[in-house]
Amino acid sequence: MRLTGRALVHTGPNRLEEREFPLPAIGDDAGLLRVQRCGLCGTDVEQVRGDLSWVPMDVIPGHEPVGVIETVGDSAAARWGVQPGDRVVVEAFVPCRRCEYCAAGQFSSCPAQIQLGFVPVSHDPPLLGGFAEYLYLPANATLHKMSSEVAPDLAPFYNALTCGVDWVTHAGGVSLGSTVVVLGCGPRGIACGLVAKAAGAAQVIMTGLTADAPKLAIARELGVDATIDVEQQDVSECVCALTAGRLADVVIDVVPRVATTLTDAIEITRPRGTIVIAGMKGNGAVPGLRSDQLVLKALTVKGVRGKRSSSYGLAISMLESSRFPLERLAPRAYPLSDALQAIEDQAGNGTDPAGLCISIAPGE
Ligand SMILES: [Zn+2]
Ligand SMILES: [Zn+2]
């Protein structure tokens, strides 16, 4: 039995310091996860660069963990339905389970939650981030089992896929025959495209930049019907042509930091259609926003935050099914010592041309 575990502590912009932590005692209503992989997303890039004003320093980053139960108390084991040796993913939001949002199952809106990957190491116990060999599982954590058959490097894609399931089918209401436009082609965009096809969408169109050509090529291999290079083509004209003027039933906007995609979204959604906004725009104003179009077209606009617990199971079963050629994502894992390289790859500045499934492998 190990007594300590290594973890990376974020001590400043682009500074990740490796430290050894004593493993916490595990009570009756808690657990300890041996982290196999911790997926990365754009939030990790912003966090490690020090661009997230709301996140303190001296935090173990990593909010998309998948691993194996090392130790679990009896009460927690009964409630979570897990045993040591089970492979699970852990939701980043650890809610209070007492407030009105928790009562409604809207855990990501719980005002008293903690978020794994954003908790200072001064917290007792300190191991609450995925860039670590071990992760403490508080009583209120939410776990979902995943088969050990899923390849370790692909396993972190559960996170993007869960977003896809939640945003496309639940928030967007995509179903048999829908026409869907996904604005953006990062991991979440690709996952949205994949889920839309799996849910029966008749036509899925995805946008990206010229530099995103490798990602858009993978999107087409995964079933996306058409892709648009927004630097070379006019989004509105293309969608109009591709849909014979009918436009999209549902538009999912996962583009970060660019608010103009919202004006595109309003333009390319058919009357009575739905726009789902998942990309954070850095709080900027939306240039050229014509709000009358929202009224005249009777559009539904939904912001999404995180995803519902019920979407995890569906996403994990997609991964487990082997029905989708997800090896095309070329998943890649980096040891703790190369975490900054992983962050650069995730940011698109590295050696991975697509960077669609990058993770940290703390035990390797
Ligand atoms: Zn993330
Ligand atoms: Zn709550």
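By convention here, the first residue in the shown sequence is residue 1. Both counts, for ligands and for their atoms, begin at 1 and track the order of listing.
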*asked:* So, of the N/O/S atoms that His63 has, which is the nearest one to the Zn ion (ligand 1)?
replied: NE2
_Under the rule for salt bridge (Lys or Arg N to Asp or Glu O under 4.0 Å), what residues qualify as partners of Glu91, not counting sequence neighbours?_
none
_Whether the side chain of Asp253 engages the backbone of Ile277 through a donor-acceptor N/O pair (distance < 3.5 Å, no angle test) should be reported._
no
*With the Zn ion (ligand 1) as the point of reference, which N/O/S atom of Glu64 is the closest?*
OE2
_My understanding is that a hydrophobic cluster links ILVMFWY residues whose side chain heavy atoms are under 4.5 Å apart, including indirect links. Using that, what else belongs to the cluster containing Met57?_
none
_Ionic contact status for Glu364 with Arg37, cut-off 4.0 Å_ = yes
*Please calculate the SG(Cys110)-the Zn ion (ligand 2)-SG(Cys102) angle and round it to 10 degrees.*
110°
